[in-house]
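In what follows, every chain begins at residue 1, and chains take the letters A, B, ... in the order their sequences are listed.
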Protein chains: 2
Amino acid sequence: MTSTDTTSAPGEVALLGRPTQQRATVLRALIDSEDFVSAQVLHARLIAAGNRVGLSTIYRTLTALAEAGLADTMRDSEGERHFRHRPGPDHRHYLRCRTCGRSVAVDSHLVERWAERIGATSGFTEISHTVELTGICADCTGPTAPAA
Amino acid sequence: MTSTDTTSAPGEVALLGRPTQQRATVLRALIDSEDFVSAQVLHARLIAAGNRVGLSTIYRTLTALAEAGLADTMRDSEGERHFRHRPGPDHRHYLRCRTCGRSVAVDSHLVERWAERIGATSGFTEISHTVELTGICADCTGPTAPAA
DNA sequence: CTAGTGATGAAAACCATTTCCATCTAGCGT
DNA sequence: ACGCTAGATGGAAATGGTTTTCATCACTAG
């Protein structure tokens, strides 16, 4: 996996418009990250790996991916956007470790239903919600070193 | 209430450090807003109302207010921070209208407990959460004009 | 192969937020 | 009251993520 690998991202890229090498590369990198990444970091990684991709393209692709529902987005405490590939149609909430940054998907029926109920009782319609959970994962709580 | 009114914000300002006219003014304006406002908007309002307050001071005060727990903050879809005065120690989640921008506080024990439970079952500790709900309020759903 | 439309990317534009720094001021000791 | 000093202020400049611009390039159709 040196750099250019058009065969990586199956048909998903097609959903965005014209299938190009860059888009495949970005999607591929996003999938490989297996976790939230910022456009900046993703860009840095691709460049470091020897790929030629412009930052603008990363932003465009990531935004398109999110709009197409192929990626989830979240904002960190500084307001920066982070993206994560969304395998299926569900999985929308994550719990992320404040120390190592890793994140895991969590079950959220309860919240979904709560959100719906709130909508029903408040007179609001077309409710949409964003839930962000952070904590310290087991590995980082360990007796020894936290974020060594 | 032309402009300078040091008596507006009771003792709350004192919690921030030295009680100054500007801080009282900012807190006052935040309270009067009764809803989320961005630093920029708050600044524009104060200037328009004839008050002399620097943007930096608004940011500093708002940030301090949030850190002191006297204000709740949220980020809009563009990543901008919005602040809202927090009357008591609770009330931490809001439902805001995407059309008119108004927001109402919602009951969230359920989510709080859900968050705790997720923490317990995932091995994460020190869980903290952010929940943002948006929808279209009754007034804006009306048969006639939405955001007139 | 050629044209045409969409995609790319380097650099400039944007814009909210933060930082600098010279000036001002509230609070305190005298 | 008076002057001192740490803390506060605000205009301007710096930051830094994200978006736009625009000239060039690469897919796809004909």
Between [N] ([atom2]) and [X] ([atom1]): distance, integer Å:
{"X": "L55(B)", "N": "dA13(D)", "atom1": "CG", "atom2": "C1'", "answer": "13 Å"}
{"X": "R81(B)", "N": "dT17(C)", "atom1": "CZ", "atom2": "C1'", "answer": "9 Å"}
{"X": "I58(B)", "N": "dG11(D)", "atom1": "CD1", "atom2": "P", "answer": "11 Å"}
{"X": "L27(A)", "N": "dA7(C)", "atom1": "CG", "atom2": "P", "answer": "16 Å"}
{"X": "L62(B)", "N": "dT17(C)", "atom1": "CG", "atom2": "P", "answer": "9 Å"}
{"X": "Q21(A)", "N": "dC25(D)", "atom1": "CD", "atom2": "P", "answer": "16 Å"}
{"X": "R60(A)", "N": "dA11(C)", "atom1": "CZ", "atom2": "C1'", "answer": "13 Å"}
{"X": "R23(A)", "N": "dC27(D)", "atom1": "CZ", "atom2": "C1'", "answer": "11 Å"}

Exercise. Relative to each other, are the rings of H93(A) and H129(A) parallel, tilted or perpendicular (30° and 60° limits)?
Worked result: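 Rings of H93(A) and H129(A): tilted, as their planes differ by 30° to 60°.
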Problem set entry | Side-chain H-bond candidate by donor/acceptor type, R45(A) with S33(A), under 3.5 Å |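 Checked: R45(A)/S33(A) side chains pair up, N/O donor to acceptor below 3.5 Å.
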For this session: Could you tell me whether Q22(B) contacts a base, only the sugar-phosphate backbone, or nothing, with contacts defined as non-hydrogen atoms closer than 4.0 Å?
Result: sugar-phosphate
Problem set entry | Sugar-phosphate, base or nothing in reach of E78(B), heavy atoms under 4.0 Å | nothing
Please tell me which of the listed nucleotides, [options], lies nearest to the side chain of [X]?
{"X": "V53(A)", "options": "dG9(C), dG11(D), dT19(D)", "answer": "dG9(C)"}
{"X": "E80(B)", "options": "dT28(D), dG17(D), dA16(C)", "answer": "dA16(C)"}
{"X": "T20(A)", "options": "dT8(C), dG9(C), dT19(D)", "answer": "dT8(C)"}

Exercise. Between R23(A) and T61(A), is there a donor-acceptor pair closer than 3.5 Å when you use the side chain of the first and the backbone of the second?
Worked result: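 Checking the backbone N and O of T61(A) against the side chain of R23(A), no donor-acceptor pair under 3.5 Å is found.
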Problem set entry | Short side-chain N/O contact to dT18(D) OP1/OP2 from Y59(A), under 4.0 Å |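 Yes, such a contact exists.
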For this session: Determine: side-chain N/O of R75(A) to OP1/OP2 of dA16(C), distance under 4.0 Å, yes or no.
Result: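 Checking dA16(C) against R75(A), no side-chain N or O comes under 4.0 Å of OP1 or OP2.
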Exercise. Could a donor-acceptor pair under 3.5 angstrom be found where the side chain of S56(A) meets the base of dA10(C)?
Worked result: yes
For this session: Using only heavy-atom distances, decide whether a donor-acceptor pair under 3.5 angstrom links the side-chain of R18(A) to the base of dT5(C).
Result: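 Such a pair is found, so the answer is yes.
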For this session: For side chain to side chain donor-acceptor pair (under 3.5 Å), just list the numbers for R98(B) and T134(B), CA-CA rounded to whole Å, side-chain angles, deciding distance to a tenth of an Å, and then say yes or no.
Result: CA-CA 6 Å; R98(B) 281 195 293 276; T134(B) 61; 2.8 Å; yes
For this session: Using a strict cut-off of less than 4.0 Å between a Lys/Arg side-chain nitrogen and an Asp/Glu carboxylate oxygen, indicate whether R84(B) and D72(B) qualify as a salt bridge.
Result: no
